[in-house]
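Here's the structure we're looking at; comments come further down.
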Amino acid sequence: MLKKYSITALFSLLLIFTAFTGGGFAETTGQPAVNSETATALAEVYRVNNEIYAEIARVQALAEEMYEDYLVEVSGVSDKQKKSEAWNNYDSKVEAEIAALNTRTQAMTFQGMEKATASGLTVEMVWIPVQFADRERMIDPIKVIDW
């Protein structure tokens, strides 16, 4: 019976020392230092992402403006065919703008990823939801995983 209490006391002391001295939480792996080449590559990734976000904001504003124009156009119209034509016109213009944005951002992302990978960064394409007036689409900035 004394043996059981000794083992319990030993484990209790071990737990106390580990918890209150920080020994149980010691960091075994550190983040690698950022050298000038890595810092330049990171800055390039952030620059590309900022350009992508600026393009997104521009198309969002344009889509919102086109949606407001559509709403004004159909507000006084009771004819279903005219409303349908207005919708088709609005829809095709907005989808064309979003498709062009998607093409531009994908090209920017792939070029940025190539440069980042060549500089030693580990990056991936991340799809984020973006609201364009009355619709939502997925756009692709770069996410840095490791360096």
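Annotation: the span from Asp91 atom CG to Tyr67 atom OH amounts to 11.5 Å, rounded to 0.5 Å. For the atom pair Met113 CE and Glu124 CD, the distance stands at 7.5 Å (nearest 0.5 Å). Note that CE of Met125 and NZ of Lys143 are 14.0 Å apart. Values are rounded to the nearest 0.5 Å. In this structure, CG in Asn102 is found 11.0 Å from CE in Met138, a value given to the nearest 0.5 Å. Expressed to the nearest 0.5 Å, how far CD1 of Ile139 lies from OH of Tyr53 amounts to 11.0 Å. Here Ile98 contributes atom CD1 and Arg135 contributes atom CZ; the two are 5.5 Å apart, rounded to the nearest 0.5 Å.
Taking hydrophobic clusters as Ile, Leu, Val, Met, Phe, Trp and Tyr residues chained together by side-chain heavy-atom distances below 4.5 Å, Leu121 does not share a cluster with Ile145. Under a hydrophobic clustering in which Ile, Leu, Val, Met, Phe, Trp and Tyr are joined whenever their side-chain heavy atoms come within less than 4.5 Å, directly or via other members, Val77 and Val72 fall into different clusters.
No salt bridge links Glu97 with Lys93; every basic N to acidic carboxylate O contact stays at or beyond 4.0 Å. Look at Glu44 and Arg47 and you find a salt bridge, because one of the NZ, NE, NH1 or NH2 atoms lies within 4.0 Å of a carboxylate O, short of that distance.
In this structure, the side chain of Asn50 engages the main chain of Tyr46 through a donor-acceptor pair within 3.5 Å. Looking at Glu64, its side chain never comes within 3.5 Å of a backbone N or O of Met66 through a donor-acceptor pair. Of the possible donor and acceptor atoms, none in the side chain of Ser84 sits under 3.5 Å from a partner among the backbone N and O of Lys80.
A 4.5 Å side-chain heavy-atom check between Tyr90 and Val74 finds every atom pair outside the cut-off. Between Arg104 and Val59 there is a side-chain heavy-atom pair separated by less than 4.5 Å. Side chains of Ile128 and Pro141 form a contact here, defined as non-hydrogen atoms less than 4.5 Å apart.
Residue Ala63 comes nearest to Val94 through the heavy atom pair CB-CG1, 4.5 Å, listed as atom of the first residue, atom of the second, then distance. Counting all heavy atoms, side chain and backbone alike, Ala116 lies closest to Val45 at CB-CG2, 3.7 Å. The shortest heavy-atom contact between Glu37 and Ser119 is OE2-O, 3.5 Å.
Counting non-hydrogen atoms of other residues, nucleotides and ligands closer than 6.0 Å to CD of Gln81 gives a total of 12 or fewer.
Ring pair Tyr70/Trp87 is perpendicular by interplanar angle, where above 60° counts as perpendicular and below 30° as parallel.
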- Glu55 and Arg58: CA distance, side-chain angles, deciding distance, salt bridge (charged side-chain N to carboxylate O under 4.0 Å, His left out) verdict: CA-CA 5 Å; Glu55 285 291 314; Arg58 184 187 67 75; 3.5 Å; yes
